[in-house]
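Source: prediction; values computed, not measured.
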Amino acid sequence: MAAKVATRLPAETLSLWKREQARLKALVVDRDTEAWQRDPAFSGLQRVGGVDVSFVKGDSVGACASLVVLSYPELEVVYEDCRMVSLTAPYVSGFLAFREVFFMVDAVRRLREKEPHLVPQVLFVDGNGVLHHRGFGVACHLGVLTDLPCVGVAKKLLQVDGLENSALHKEKIRLLRAGGDSFPLMGGSGTVLGMALRSHDHSTKPLYVSVGHKMSLEAAVRLTHGCCRFRIPEPVRQADIRSRGYIRRTLGIGGAPAPGRERSRKAPRPRACPEGVSEELAGKDRPPEARSQGPRTHQRAPGPDAQGQG
């Protein structure tokens with residue numbers, strides 16, 4: 001796993017990114033919109049998706065973007081799409097989506113075109129949703145651009161709005177006795193930004209779940225727990241495993257870090273402006289996309305630390 005490298009961008013670019021986040025944030029829906037979300041057993045939910053971006057080991061440009069769809073509640077993979085992509089845009093804390101989300105949007109678009117009956121009813125993202133410096137993390141970004149319910153699941157606490165990994169926070173974690181136990185993440189503003197969840201009986205480290213789009217926090221936490229065979233929700237875990245496998249098979253190399261390792265490098269925005277992205281951003285500071293056309297197959301990137309996710 002490579003260390004996260006902070007990069008300075010022109011003030012004009014950061015200003016554009018902030019404006020785009022603010023524009024799209026106004027479209028976020030933080031309540032349940034589907035009947036299955038309000039059912040205690042999630043009756044009617046049949047397909048859950050996960051997305052990931054993995055780096056090629058030792059390569060600061062090459063990566064693989066992946067989308068998987070699993071049956072629910074069986075959690076068996078029914079669809080996968082992996083593409084090699086060229087990553088040249090820098091990582092900037094709080095702007096993770098501008099590196100990776102558009103590759104994910106492209107994958108959802110391809111699925112809708114090829115096999116619309118397999119489009120997931122909800123997407124899981126390894127990152128934050130409203131638990132974010134400006135209330136609009138990568139899970140919100142992806143949800144708005146795809147118009148799909150989306151859940152952000154981070155492995156580290158983003159220390160924002162007074163949230164911190166303090167002694168009190170660690171004590172609350174110790175009090176999570178069994179899988180499904182959780183406690184709210186209330187910021188200094190008095191707003192509940194997410195939930196710390198013990199996702200599995202045998203996991204001692206929590207997940208940090210936050211709303212991405214078109215789902216309530218309560219439903220997001222319950223579904224996250226219901227999708228965990230291990231600590232990490234199975235849709236995200238499978239996207240990670242299969243994307244790394246795709247890199248190994250495609251390039252004949254070791255690929256990316258082992259499952260469960262944090263990702264530290266993320267995918268840049270492609271030149272093409274996906275539907276729903278302002279034309280103002282389409283022509284600025286966006287590197288061309290270079291990808292090999294791969295079949296529906298399989299890798300994912302090591303990631304930013306607690307201060308940078310989202």
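In this structure, L67 and M104 have side chains that are not in contact, with every pair of non-hydrogen atoms separated by 4.5 Å or more. Between L193 and L163, some side-chain heavy-atom pair lies under the 4.5 Å cut-off. Side-chain atoms of Y79 and R47, non-hydrogen and from C-beta on, never get closer than 4.5 Å to each other. The side-chain heavy atoms of P120 and L111, taken from C-beta on, include a pair separated by under 4.5 Å. At least one side-chain heavy atom of K155 sits less than 4.5 Å from a side-chain heavy atom of R231. Side chains of R134 and W17 form no contact here, defined as non-hydrogen atoms less than 4.5 Å apart. Using a 4.5 Å heavy-atom threshold, the side chains of L251 and V56 count as touching. A heavy-atom distance below 4.5 Å is found between the side chains of V28 and C140.
Between H141 and F98, the angle of the ring planes goes over 60°, which puts this pair in the perpendicular group of the 30/60° scheme.
Using a 4.0 Å cut-off between charged side-chain N and carboxylate O, D106 and R110 make no salt bridge.
The closest donor-acceptor contact from the side chain of S210 to the backbone of G129 lies under 3.5 Å. Here the side chain of D32 pairs a donor or acceptor atom with the backbone of S216 at under 3.5 angstrom.
Other residues, nucleotides and ligands place more than 12 heavy atoms under 6.0 Å from the CZ atom of R112.
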Please walk me through it: do R229 and E76 pass salt bridge (Lys or Arg N to Asp or Glu O under 4.0 Å)? CA-CA 11 Å; R229 288 176 170 170; E76 300 296 333; 3.2 Å; yes

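Clustering ILVMFWY residues whenever any of their side-chain heavy atoms sit less than 4.5 angstrom apart, transitively, puts L223 in the very cluster that holds V77. Clustering ILVMFWY residues whenever any of their side-chain heavy atoms sit less than 4.5 angstrom apart, transitively, puts L27 in the very cluster that holds L123. The hydrophobic clustering, which links ILVMFWY residues whose side-chain heavy atoms are closer than 4.5 Å, places L158 and I173 together.
For H169 and F183, the ring centers are positioned less than 6.0 Å apart.
Residues A65 and F103 come closest through the heavy atom pair CB-CB, 3.7 Å.
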